[in-house]
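Worksheet: one structure, shown below.
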Amino acid sequence: EDARSAHQPVVRDLSVCTPTFDRQTLTREMPAAILNGEMFLQYQPKVHVREQQISSAEALVRWQHPKRGLILPGDFITVAEQAQQIAALTLWTLDEVIRDQKILAADGHDLTIFINISGQLLSDKDFVEATCAKIHNCGAKIGFEITETAVIRDPECAIANLQIFADRGIVIAIDDYGAGLSSLAYLKQLPARELKIDKMFVLQLTSSNRDPLIVRSTIDLAHALDMEVTAEGVETQAAMALLSVMGCDMVQGYLISRPISIDAFRRFLLRWPPK
Ligand code: C2E
Ligand code: CA
Ligand code: CA
Ligand code: CA
C-alpha cells in the first residue's frame, strides 16, 4: 500500500440502504429531514499536484434516513430538484459549510469549500439573493461547482447570475466536464476559474487508449482559457503520475481521500502531507 492510502482516515461504515426509493415519499419527507438534522455533509479534499497542498475541498450531501439508512445524493437530488426543494437544501448546505469552515479556520486551515449547485438555481433570483447575503455577512471562501448543462436552459440568465457570484468572490468551477453535452461556446462565456474533468475519463486513464488523449487535450484547452484543471476520480498512483506529467493542476479521488465527515477531515488535515 502506498503512503497516501495508508494515511487515509478510516471511513465510518454507514449502513447503506438498498431498497428502491419511492420518490413521492422522499419528496414528502425531505423538508422535515432538512430541519431534523437528517442531512449531513462529507468533505472530499482536492490536492495541488505540484505543491502537494490541500487547496480546497468539496462538500457532498448525504441523507441519514431514520428507517431507510444512508441515502446518497444520486437518489435524492433529482427528487429535490423536481419538488422545488433544492434551493432549501442548498441554502442549508451553505450554512453548514460556513459553520464548518470556521472550525477549519480555528485549526489554522484556510480552504475554499466548493458546493454543488443545480442548474435550476442559476435562474432563481431568490436563491441568488439569499446566497449573496449569506456570503457577504461572513466573508467565507466559497466555490460553486456547476455543470455546463446547467447553463443551457436559460443561458443569458445563468451566465449573468454566475457573473454576480464571481463578482462576490465565489470561485466558479465547471463540474463533470466532458460527461454531458459540452459546448465550447458556453465554456468561453462562463466566468469560471476551474475545470473539473469528469471521472469517466480518469478512472481508466492508465489502461485506456483514448482517455489519456482526451484528458491531455482538455488540460491544454483549459490552460489556454486560463483555467486551472482538476481531475476527479483519481484512484491510483499511476493515474496521479500520468496526470502530473500532463500538467494537471489538482486531483481529487479515493487515492487522496474518500468523502469524510468534518471531524475525519480535520484529522486528515493534521496528518497531511503523508510522510
Ligand atoms: P459529483 O459532483 O461529480 O461528485 C463526485 C462523486 O464521485 C461523489 O459521489 C464522490 O463520492 C465520487 N467520487 C469521488 N472520488 C471518487 C473516486 O476516486 N472514484 C470513484 N469511483 N468515485 C469518486 P456522491 O457523493 O455520491 O455524489 C454524487 C453527485 O451528487 C455529485 O457528483 C453531485 O453532482 C451531486 N451532489 C452531491 N451533493 C450535492 C449537493 O449538495 N447539491 C447538489 N445539487 N448536488 C449534489
Ligand atoms: Ca461536484
Ligand atoms: Ca464531478
Ligand atoms: Ca458527477
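Atoms within a ligand are numbered from 1 in the order they appear, just like the ligands themselves.
Here the protein contributes E58 OE2, N116 OD1, E145 OE1, D175 OD2 as N, O or S atoms under 3.0 Å from the Ca ion (ligand 2).
For atom 1 (P) of ligand 1, the candidate residues are D175, I256, I77; the nearest heavy-atom contact is made by D175. Relative to atom 8 (C) of ligand 1, the option among I115, V97, L41, L60 with the closest non-hydrogen atom is L60.
Residue R62 places a heavy atom less than 4.0 Å from ligand 1. For the pair E58 and ligand 1, a heavy-atom separation below 4.0 Å is found.
Using a 4.5 Å heavy-atom cutoff, the side chains of F144 and I115 are in contact. Contact of the P212 side chain with the M246 side chain is registered, since non-hydrogen atoms from C-beta on lie closer than 4.5 Å. A 4.5 Å side-chain heavy-atom check between T236 and L255 finds every atom pair outside the cut-off.
For the residue pair P31 and Q85, the shortest heavy atom distance occurs at CG-NE2, 3.4 Å. The two residues C248 and I219 come nearest to each other via the heavy atoms CB-CD1, 3.7 Å. Considering every non-hydrogen atom in both M227 and I174, the closest pair reads SD-CD1, 4.4 Å. In this structure, E96 and Y43 approach most closely via the heavy-atom pair O-OH, 4.1 Å.
Residue D167 qualifies as enclosed at atom CG: its count of foreign heavy atoms under 6.0 Å is above 12.
Atoms NE2 and CE, from H48 and M250 in turn, are 5.5 Å apart once rounded to the nearest 0.5 Å.
Atoms of ligand 1 lying under 4.0 Å from any heavy atom of V61, numbered from 1 in the order shown and given with element: 38 (N), 39 (C), 40 (C), 41 (O). Taking every non-hydrogen atom of E232 and a distance limit under 4.0 Å, the qualifying atoms of ligand 1 come out as 3 (O). The ligand atoms of ligand 1 that sit less than 4.0 angstrom from a heavy atom of P73 are 24 (P), 25 (O), 26 (O), 27 (O), 28 (C), 30 (O), 36 (N), 37 (C). Residue G253 approaches ligand 1 through these ligand atoms, each under 4.0 Å from one of its heavy atoms: 15 (N), 18 (O). Remark: ligand 1 atoms within the under-4.0 Å shell around heavy atoms of Q44 are 14 (C), 15 (N).
When the options R23, R28, Q24, E29 are evaluated for a side-chain contact (heavy atoms from CB on, under 4.5 Å) with L26, the one that passes is E29.
The cluster map of Ile, Leu, Val, Met, Phe, Trp and Tyr, joined by side-chain heavy atoms under 4.5 Å apart, puts L89 and L121 in the same cluster.
At a 4.0 Å heavy-atom cut-off, ligand 1 touches K199 through the side chain alone. Only the side chain of P259 comes within 4.0 Å of ligand 1, counting heavy atoms alone; its backbone N, CA, C and O stay farther away. Residue-level proximity to ligand 1 for Q42 is absent, since no heavy atom of it falls below 4.0 angstrom. No part of D198 comes within 4.0 Å of ligand 1, judged by heavy-atom distances.
For ligand 1, the polar-atom distance check against Q252 finds no nitrogen or oxygen pair separated by under 3.5 Å. Residue contacts with ligand 1: E81 is placed with no nitrogen or oxygen under 3.5 Å of a nitrogen or oxygen of the ligand (distance criterion only). For ligand 1, the polar-atom distance check finds no N/O of E145 at less than 3.5 Å from any of the ligand's N/O atoms.
R168 forms no cation-pi arrangement with F165, by the criterion of a distance under 6.0 Å to the ring centre and an angle within 45° of the ring axis.
Ion pairing between K46 and E145 holds under the 4.0 Å rule for side-chain N and carboxylate O.
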- prompt: Would E194 and D249 count as a side-chain contact (heavy atoms from CB on, under 4.5 Å) if you check the C-alpha gap in whole Å, the side-chain angles of each, and the deciding distance to 0.1 Å?
  reply: CA-CA 10 Å; E194 191 181 318; D249 303 289; over 6 Å; no
